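I have placed the structure first, in the form of C-alpha cells, so that the comments after it can refer back to it.
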2 protein chains.
Amino acid sequence: MAEQREQQQTRTRRRVRTSHSIEAVLAAAVGILDESGAQGLTIRALATRLGGGPASIYWYVSGRDELLDLAADSVLAGVLNDVSDVGGGDPIDDLRTIAVAMFDAIVDRPWLGAYAMRDTGQQVNSRKLYEKIGEQVMRLELSPRQCFHGTSAIVGFVIGTAADMGQEPPAAVVSGEMDRDDYLAGATAEWRALDPAEYPFIHHIVDEFATHDDRDQFRAGLDLLLAGLRLTAGR
Amino acid sequence: MAEQREQQQTRTRRRVRTSHSIEAVLAAAVGILDESGAQGLTIRALATRLGGGPASIYWYVSGRDELLDLAADSVLAGVLNDVSDVGGGDPIDDLRTIAVAMFDAIVDRPWLGAYAMRDTGQQVNSRKLYEKIGEQVMRLELSPRQCFHGTSAIVGFVIGTAADMGQEPPAAVVSGEMDRDDYLAGATAEWRALDPAEYPFIHHIVDEFATHDDRDQFRAGLDLLLAGLRLTAGR
DNA sequence: ACCTGAACACCGTTCAAGT
DNA sequence: ACCTGAACACCGTTCAAGT
C-alpha cells in the first residue's frame, strides 16, 4: 500500500519538490552570471531561479567557488567546439586562431576571465583547451621545457589581458555600451589633464587610447608574443 | 567652560575615540591582506585592527573595492622606488627589469595580482608604473599606436601571469610552502593519470611542470614577448 | 572633521529532518 | 538520492547622532 502511493506520487502527482541536475544548475548559474556578473551569482539567487532552497545547491557543488569554476568551464565547451577543426595549418596561425576564440568568449562574458583555466584538475574543458594549445606549440619542435613555457605564456597572456579588459569599471555598471564609452571618455580626459612633463608617454599615446578597440589591442600583443615564439622556434 | 573641558580632553584625557589616517588605514589593510588574503580583508576586521567601528572606514574610502585598489596601489610605491634608477640602458633590458620587479612583488603578495593596475585614475603608483614602462617602449622608436600596444601587452602579461600564479589553490590554504608543494605534487599525479592518447602534450611536459619554478616560467614568457617587440622595433 | 551606535538587508554554509 | 527548513555566524553599507 505504501508502495502503491509511492508509485502514484511518482507517476501522477504534481511535483512539490523541485529537482535539478548539475547541467541545469550550471546553465542557471551562467544565466545569472551573464545578466549580473560574478557579484550577482549568489547561492540564494541561484536557488530561487531553480525554484528551490539554497541548501539544495550543495548537493551538486561543494561551494560557491566550485560553482564559479564549473560554470566558467561549462562555457569553454563552446570555445573548444569552435576550434575543433583547428590544427592542420601553420602552428603559429593555429595558435592565433585558438587564442582569439578564447579572447572573444571572454569579451562576450567578462566574468569568464577570472574563473576560466584556473584548475585543470576540476575544469575539464580548460584542460582540453590547454592541451589543444600545447599541441600546436609541440609542432614547433621545441624542447619540452620550451613547449611548456610557450604554452603557459600564451594562456597567461590571453587570460590576463582578457580578465583585465573584462573588469567592470570602477562605477560598476553592468549594462549597455553607452557606459563603456562614457568610461573611456572619462579616463581619456583624466589622462589629458595630467602634467605632460611628468607623463610624456601617456600623452604620447592618449589619442590611441581614446580610439582603441580592445580586440585590436589584444591581437597586437598576441602577435608580439607569437613573433617571439616563431623566432625561438627558428621557422 | 565648555571650551576648557574641550581643551583638557584634547591635552590630557585618554582618547576614547580612536583616530586614524588614510595611511594608517591602508597599512592595516595591507597587513591583513598579507596575513589572510583578500578574503580576510573585511571592513569589520580592518576596523577592529584599527580599534574603531566599521563605519569609520567609510570616512577614508568609498567602499571595500576602493580599499582594495588603494591598498594594492600603496604597495606599488615600493616597486616604483626599486626601479627608480632604471631607464638608461637597453630599452628591452630595462623593460625586463621593471617587469620582473613587478612580478616579484606579486609573488610576495599574491593578493596584489587582482587589484594592481586596475584603475590608473585612482591608483597613482599604477599610473606611474604604466608611464615608466611606456617610456622605455617609446625609446624603441615605434609609432604611438605600436607604443600603446606594446606597453599594454607587457602590463597585461605581467599582471595576468602573476595573478594566475598567485591564485590560492582550490583547497584555499593561506600558509607555508609545504602546501604549495603538495598541491603541485597532486596536480602532477592527476596529469600523469590522464590518457596519453588523449593528452599527448600534457604528458610531454609533465616532468617540466613537476619541477618548474614560477619565476623561470614567467621570465621565459616575458622574453618571448620582448623578443617579438624587439623584432618589431627592428633593433 | 571624524567617529560611534545601531540597524538594515543581505550573505555562504551546515545539518537534522523529510521524501 | 536529493531536497527542505531553519538556523548560525557572519557580511558591506548607511545614517542619525555625537564630539
Side-chain angles (χ1 to χ4, degrees), chain A residues 1-26 28-29 32-33 36-71 168 170-172, chain B residues 1-26 28-29 32-33 36-71 168 170-172:
Chain A
M1 204 166 86
E3 286 165 11
Q4 216 175 6
R5 222 182 74 231
E6 190 85 2
Q7 285 203 348
Q8 253 193 359
Q9 280 192 346
T10 318
R11 281 207 219 112
T12 65
R13 228 188 65 182
R14 193 100 138 291
R15 273 189 174 279
V16 296
R17 295 182 61 194
T18 43
S19 170
H20 356 291
S21 67
I22 181 68
E23 289 80 19
V25 170
L26 296 183
I32 294 176
L33 286 164
S36 10
Q39 227 184 35
L41 181 64
T42 65
I43 300 286
R44 295 172 125 99
L46 178 59
T48 301
R49 173 172 293 221
L50 290 166
S56 70
I57 306 298
Y58 291 84
W59 181 258
Y60 297 96
V61 116
S62 71
R64 189 174 178 273
D65 264 24
E66 190 176 303
L67 176 66
L68 254 342
D69 276 356
L70 292 182
E168 55 217 294
Chain B
M1 201 167 89
E3 287 166 11
Q4 214 175 7
R5 222 182 74 231
E6 190 85 4
Q7 286 204 347
Q8 253 191 1
Q9 280 192 347
T10 319
R11 281 208 218 110
T12 66
R13 228 188 65 180
R14 195 101 138 290
R15 273 189 175 279
V16 295
R17 295 182 61 192
T18 43
S19 169
H20 355 292
S21 65
I22 181 68
E23 288 80 19
V25 169
L26 296 183
I32 294 177
L33 286 164
S36 10
Q39 225 183 37
L41 181 63
T42 65
I43 300 286
R44 295 171 125 98
L46 178 59
T48 301
R49 175 173 292 220
L50 290 166
S56 70
I57 308 297
Y58 289 84
W59 182 259
Y60 297 96
V61 116
S62 71
R64 190 175 178 273
D65 264 24
E66 190 176 302
L67 175 67
L68 255 340
D69 276 356
L70 293 181
E168 54 217 293

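Residue numbers start from 1 in every chain, and the chains themselves are labelled A, B, ... in the order their sequence lines are given, proteins ahead of strands. Everything numeric here is computed off the predicted structure, so don't read it as measured data.
Shown here, D:dC11 forms no base pair; nothing in the strands shown gives a Watson-Crick or G-U wobble contact with both key distances under 3.5 Å. Base pairing of C:dA17: no nucleotide in any strand meets the Watson-Crick or G-U wobble criterion (both distances under 3.5 Å).
Between the OH atom of B:Y60 and the C1' atom of C:dT4 there is a distance of 13 Å, rounded to whole Å. One atom, CD1 of A:I43, and another, C1' of D:dA7, lie 17 Å apart when rounded to the nearest Å. In this structure, the CG atom of B:L67 is 15 Å from the C1' atom of D:dC11, given to the nearest Å. Summarising the geometry, the separation between CD on A:Q39 and C1' on D:dC11 is reported as 13 Å, rounded to the nearest angstrom. Per the geometry, CG belonging to B:L41 stands 8 Å off P belonging to D:dG12, to the nearest Å. Atom CG in B:L50 sits about 10 Å away from atom P in C:dT4, given to the nearest Å. One can place CG of B:L68 at 10 Å from P of D:dG12, the figure rounded to the nearest angstrom. In this structure, the CD1 atom of A:I57 is 15 Å from the C1' atom of C:dT14, given to the nearest Å.
Note on A:S56: a base of the nucleic acid sits closer than 4.0 angstrom, heavy atoms only.
Once rounded to the nearest 0.5 Å, the distance linking CD1 of B:I32 with CG of B:L46 reads 5.0 Å. Atom CZ of A:R64 is separated from atom CG of A:D69 by 11.0 Å, given to the nearest 0.5 angstrom.
The side chain of B:R44 has D:dT13 as its nearest neighbour among D:dC15, D:dA6, D:dT13. Between D:dC2, D:dG5, D:dG12, one nucleotide has an atom nearer to the side chain of A:W59 than all others, and that is D:dC2. Listed nucleotides C:dA7, C:dG12, D:dC15 differ in distance to A:R64; the shortest reach to its side chain belongs to C:dG12. Candidate nucleotides C:dC15, C:dC11, C:dT4 were compared by shortest atom distance to the side chain of A:T42, and C:dC11 ranks first.
Looking only at side-chain heavy atoms (C-beta outward), A:I43 and A:Y58 come within less than 4.5 Å of each other. With a 4.5 Å cut-off on side-chain heavy atoms, A:V61 and A:V25 do not count as touching.
Straight-line distance between the P atoms of D:dA9 and C:dA9: roughly 23 Å, to the nearest whole Å.
Among B:I22, B:L26, B:L67, B:L70, the one residue that satisfies the side-chain contact (heavy atoms from CB on, under 4.5 Å) test with B:Y60 is B:I22.
For the OP1/OP2 pair of D:dC15 and a distance below 4.0 Å, the side-chain nitrogens and oxygens of B:Y58 include no atom meeting the criterion.
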